[in-house]
Amino acid sequence: MPDSRLRRFVRDPLFVFLAIGIAVFALDALGGGVFDSEGRNIVVTRAQVIRLADLWSAQIGRLPTVAELDSLIDDHVREEILVREAARMGLDQDDTIVRRRLAQKMSFVIEDTVGTAAVSDAELQQYFEENAERYGEPRRFTLRHVYVSPDRRGSDEEAMSAATEILEQLRAEGNDAAPENTLWRRLGDPFMLRREYGRRTAEDLAELFGGAFVDALETLPLGEWAGPVESAYGYHLVRLSVRTEAQPALFEEVRRRVLDDAQRDARDAANRAAHERLRERYRVEIDEIDFVSELEGGTDADAAGEEP
């Protein structure tokens with residue numbers, strides 16, 4: 001395999017010596033003085049060389065030549081020099097992108113080092129009982145509707161009157177949901193969302209239409225046009241064809257999901273605890289600030305109040 005040949009090649013002591021020599025020569029050529037104090041000693045390890053070659057191979061699709069590998073090492077040394085000099089000059093300070101990247105990497109370090117204790121059967125059963133609503137089958141509704149807009153009709157009263165007339169037309173055609181009954185598609189006002197929903201959960205419909213709309217669905221008759229039902233948009237004539245009740249889950253059927261969730265929550269709790277332990281090492285002081293004067297136009301106010 002190409003990778004195995006590369007690894008044997010870069011493990012050769014002569015190759016390592018050559019790689020380090022190239023790095024030292026590159027730094028000397030730049031006038032860096034690689035063996036002076038203040039963190040100016042740069043060593044390119046065998047693991048780093050292998051990583052550089054692996055990245056090249058993944059991007060290009062073949063192993064680098066010796067010349068290409070020398071160039072990769074040289075680029076790595078150049079980058080390391082620039083990073084150290086930038087840090088020495090304080091260029092990493094007050095840089096939002098750098099700060100966020102460092103915080104993200106530290107979070108990854110914490111996640112990798114924080115262990116999660118095993119979850120016993122009793123704890124898993126208790127977790128399931130405390131979070132049973134996550135795993136059961138929720139209430140679902142299948143419906144079609146005709147929308148009436150108060151804005152288009154001029155007022156709520158006009159919209160309600162129009163909805164009542166439309167309801168009479170729908171019932172006159174018949175409550176059957178047969179394909180030939182298409183009047184409901186032609187009545188009412190344009191609507192930005194769908195006019196028909198199948199097996200949607202109460203939560204889904206509440207996000208779309210509002211909680212009051214879903215509450216009304218609980219009492220609507222099945223298989224016939226009814227309403228008007230008020231939503232966040234206006235009024236609807238609704239034909240509800242399916243309304244299923246919530247069904248609790250059986251523990252053994254969802255055991256795998258419960259275990260995954262319990263372990264994830266345990267990891268999250270362990271990570272939060274680790275962050276809190278880190279915070280306890282620091283003393284945090286926050287200056288008081290007058291929100292109105294200093295954040296909402298304080299600059300102009302201060303300028304106006306300055307004495308000449």
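These numbers were taken from a predicted model, which means no experiment stands behind them.
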Practice item. Take W56 and L63 through the side chain to side chain contact (heavy atoms under 4.5 Å, CB included) test and state the conclusion after the steps. Key: CA-CA 7 Å; W56 168 279; L63 295 176; 5.9 Å; no

Are [X] and [Y] joined in one hydrophobic group, where the rule is that I, L, V, M, F, W and Y side chains link up if heavy atoms are under 4.5 Å apart?
X: F108; Y: L102; value: no
X: V83; Y: V98; value: no
X: L82; Y: M89; value: no
X: L183; Y: V146; value: yes

Any sub-3.5 Å donor-acceptor pair from [X]'s side-chain atoms to [Y]'s backbone N or O?
X: T164; Y: M160; answer: yes
X: R171; Y: W225; answer: yes
X: E80; Y: V77; answer: no
X: S241; Y: T142; answer: yes
X: N131; Y: Y127; answer: yes
X: D74; Y: D70; answer: no

In this structure, are over 12 heavy atoms from other groups packed under 6.0 Å from [X] atom [atom1]?
X: R99; atom1: CZ; answer: no
X: E203; atom1: CD; answer: no
X: I97; atom1: CD1; answer: no

**Study point:** Stepwise side chain to side chain contact (heavy atoms under 4.5 Å, CB included) test for L237 and V148
**Key:** CA-CA 8 Å; L237 291 315; V148 181; 4.1 Å; yes

Polar side chain donor-acceptor pair, [X] to [Y], under 3.5 angstrom:
X: Q104; Y: S107; result: no
X: Y135; Y: R255; result: no
X: Q126; Y: E130; result: yes
X: R51; Y: Q48; result: no
X: T201; Y: D204; result: yes

Calculate, to the nearest 0.5 Å, the distance between atoms [atom1] and [atom2] belonging to [X] and [Y] respectively.
X: L52; Y: S71; atom1: CG; atom2: OG; result: 10.5 Å
X: R101; Y: T96; atom1: CZ; atom2: OG1; result: 15.5 Å
X: L124; Y: D261; atom1: CG; atom2: CG; result: 9.5 Å

Closest non-hydrogen atom pair between [X] and [Y], with its separation:
X: T244; Y: P138; answer: OG1-O, 4.3 Å
X: G223; Y: R239; answer: O-NH2, 3.5 Å
X: G234; Y: P150; answer: CA-CD, 3.7 Å
X: G227; Y: L167; answer: O-CD2, 3.8 Å
X: D189; Y: S149; answer: OD2-N, 2.7 Å

Side-chain contact test, heavy atoms from C-beta onward, threshold under 4.5 Å: evaluate it for [X] versus [Y] and give yes or no.
X: E158; Y: R152; answer: no
X: D75; Y: E79; answer: no
X: R194; Y: R200; answer: yes
X: D268; Y: R264; answer: yes
X: Q169; Y: I166; answer: yes

Revision key, fill the gap. So ring-ring contact (aromatic ring centres under 6.0 Å, His included) across residues 60-104, not counting sequence neighbours, yields none

Review point. Does any pair with a residue in residues 244-270 pass ring-ring contact (aromatic ring centres under 6.0 Å, His included), and if so which ones, sequence neighbours excluded?
Key: F128-F251

Check your understanding: Hydrophobic cluster mates of L208, side-chain heavy atoms under 4.5 angstrom, ILVMFWY only, any path?
Key ->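 F141, L143, Y147, F191, M192, L193, Y197, L205, F209, F213, V214, L217, L220, L222, V229, Y233, V238, L240, which link up through side-chain heavy atoms under 4.5 Å apart, make up the rest of the cluster.
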
Check your understanding: Passes side chain to side chain contact (heavy atoms under 4.5 Å, CB included), Q125 versus D121? Steps please.
Key -> CA-CA 6 Å; Q125 180 70 43; D121 288 343; over 6 Å; no

[Y]/[X] salt bridge by N-O under 4.0 Å criterion:
X: E280; Y: R277; answer: no
X: E68; Y: R62; answer: yes
X: D260; Y: R256; answer: yes

**Study point:** Trace of the salt bridge (Lys or Arg N to Asp or Glu O under 4.0 Å) decision for R140 with E137
**Key:** CA-CA 9 Å; R140 293 184 181 276; E137 175 65 20; 2.4 Å; yes

